[in-house]
Amino acid sequence: MPVPLPDGRVVWLFGDTYIGTVYADGSILPNDHLVNNSFVVQSGRCFTPLMGGAQRARTDLIPDPAPNQWYWPASGVVSGNALFVFMWRIENDGGALGFHVLDMRMAVFSLPNLTLQSIGPAPIPASPDRPYGAAAFGDATSGYLYLYGANSLGPSNGVDEPEQRNFVARAPLNAFTFPDTWTYWDGIGWSASSAAATPMTFASTPPFAFPPSTYPIDGPAAPLNVSPAPAGAVGYSYLGTAKLLDALSADVSVFTAPTPNGPWTYRAKVADTVFPGLSTYGAATHMSLPGTTSPIVVFSTNDSPFDSGSIPLSIQSYGPRFVAPLMGSLP
């Protein structure tokens, strides 16, 4: 996830990061070192990795909170002379996926030198079922920081399938570190009570096709990544990007809205994410990345736990993908 800095640089937030040699065919060795989080600092065409430890002995940039726990960066925002990173706190459990989410935390880095200053709880109640901070949007127009997260609330439209819905909270951009400044979208307005939070509304979302049947969904299961509308947009002010069912669907979809809290309307599929043997997850549309002249769609891939074949470990199997939007898909 890229976060622009005031001096023109961009900090790319990474989770799992392999340290080692990339061979001509893109492969990496299974025993190459893995750290759980890192930054890459972009200055023009130059990209500089930022990790903990020393050369040939790298460690997580954001240290582990406890044995068998680590942090995965989720989103970030700049305020004043600091970079604030919202991050999943993860615990190894030996289960099917090997981990589960404990909660959301916040790390603070000083600018411009990106020195870690502190790690603590997020200033907003965030839990595995309400992960505010899974996506963040600092809106200069309204002067608010919006944090998004998806929560499973049971059946969708009477169909006996799990449904995930997106929630949003906000606080002033110049005061979001204070817990009492946060309010929660309750379907009508903004409430000071987190218990009053109501999912954002999504219209025209296509049913999810899961052969041999389909079932309706009330918006994307994945957290919604929000940005201002592209230049020349008509009839809406904000663009939201998400996969409809995250790792279970092959789309990247976009939604439009008049405000950062909706109501959202499904518009189109902006990218296909079909890669045999791989899971694809997490998606965002970026309008003005340095060095680009058009919008870019970014998502991640990894070896699929649902595929019987083992994909050789390579930079093509585990890592980010950058693609142009499908022709005519951006409204």
Side-chain angles (χ1 to χ4, degrees), residues 65 71-80 82 84-91 100-108 118-158 162-203 205 217-227 237-238 240 242 246 255-265:
Y71 295 118
W72 276 336
S75 61
V77 64
V78 170
S79 181
F84 298 82
V85 177
F86 297 93
M87 52 196 186
W88 309 96
R89 185 166 65 107
I90 306 295
E91 184 171 61
H100 63 274
V101 175
L102 293 174
D103 56 18
M104 193 73 69
R105 297 294 175 99
M106 186 177 73
V108 182
S118 64
I119 300 172
I124 176 176
S127 63
D129 66 341
R130 198 65 61 86
Y132 294 110
F137 171 49
D139 184 26
T141 300
S142 66
Y144 283 93
L145 172 64
Y146 294 82
L147 294 185
Y148 300 85
N151 176 29
S152 178
L153 290 181
S156 164
N157 295 336
E163 171 71 9
Q164 299 223 16
R165 297 176 174 88
N166 271 266
F167 291 76
V168 61
R170 75 177 189 180
L173 268 169
N174 60 0
F176 68 83
T177 58
F178 300 101
D180 60 359
T181 64
W182 284 93
T183 55
Y184 305 82
W185 179 248
D186 64 8
I188 299 175
W190 295 95
S191 170
S193 170
S194 61
T198 298
M200 295 183 293
T201 58
F202 290 81
T205 306
I217 56 177
D218 298 329
L224 192 70
N225 281 288
V226 175
S227 65
S237 299
Y238 298 91
D246 213 2
F255 304 79
T256 60
T259 73
N261 47 283
W264 297 95
T265 300

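If you read the sequence from its start, that first residue is 1, and numbering goes on from there.
A heavy-atom distance below 4.5 Å is not found between the side chains of S237 and P260. The shortest side-chain heavy-atom distance between Y148 and N225 does not fall under the 4.5 Å cut-off. At least one side-chain heavy atom of F86 sits less than 4.5 Å from a side-chain heavy atom of L147. Two residues are said to be in side-chain contact when any heavy atoms from C-beta on lie closer than 4.5 Å; I124 and M104 fail this criterion.
For W182, the ring pair (Phe, Tyr, Trp, His ring centres under 6.0 Å) criterion is met by no residue, not counting sequence neighbours. With sequence neighbours excluded, no residue forms a ring pair (Phe, Tyr, Trp, His ring centres under 6.0 Å) with Y144. Scanning for salt bridge (charged side-chain N to carboxylate O under 4.0 Å, His left out) contacts around D103 gives R89, R105, with sequence neighbours left out.
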Passes side-chain contact (heavy atoms from CB on, under 4.5 Å), V101 versus I90? Steps please. CA-CA 5 Å; V101 175; I90 306 295; 3.7 Å; yes

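Just one of F167, F255, W264 meets the side-chain contact (heavy atoms from CB on, under 4.5 Å) condition when paired with M200; it is W264. The only member of L224, T141, T256, N261 that meets side-chain contact (heavy atoms from CB on, under 4.5 Å) when paired with Y238 is T141. Here the rule is side-chain contact (heavy atoms from CB on, under 4.5 Å) with W185, and of N166, V168, T201, T259 only V168 fits it.
Taking all atoms of both residues into account, the shortest heavy-atom contact from D186 to A196 is CB-O, 3.3 Å. Shown here for W190 and T183, the closest heavy-atom pair between the two residues is CB-OG1, 3.6 Å. P65 approaches Y71 most closely through the heavy-atom pair CB-OH, 3.2 Å. Considering every non-hydrogen atom in both P223 and A150, the closest pair reads N-CB, 4.4 Å. Across every non-hydrogen atom of L173 and S79, the tightest pair is O-OG, 3.3 Å. Nearest heavy atom pair, residue A197 against residue Y184, reads CB-CB, 4.1 Å.
Within the 3.5 Å criterion, the main-chain N or O of G133 finds a donor-acceptor partner in the side chain of S75.
With rounding to the nearest 0.5 Å, the separation of OG1 in T177 from CE in M106 is 6.5 Å.
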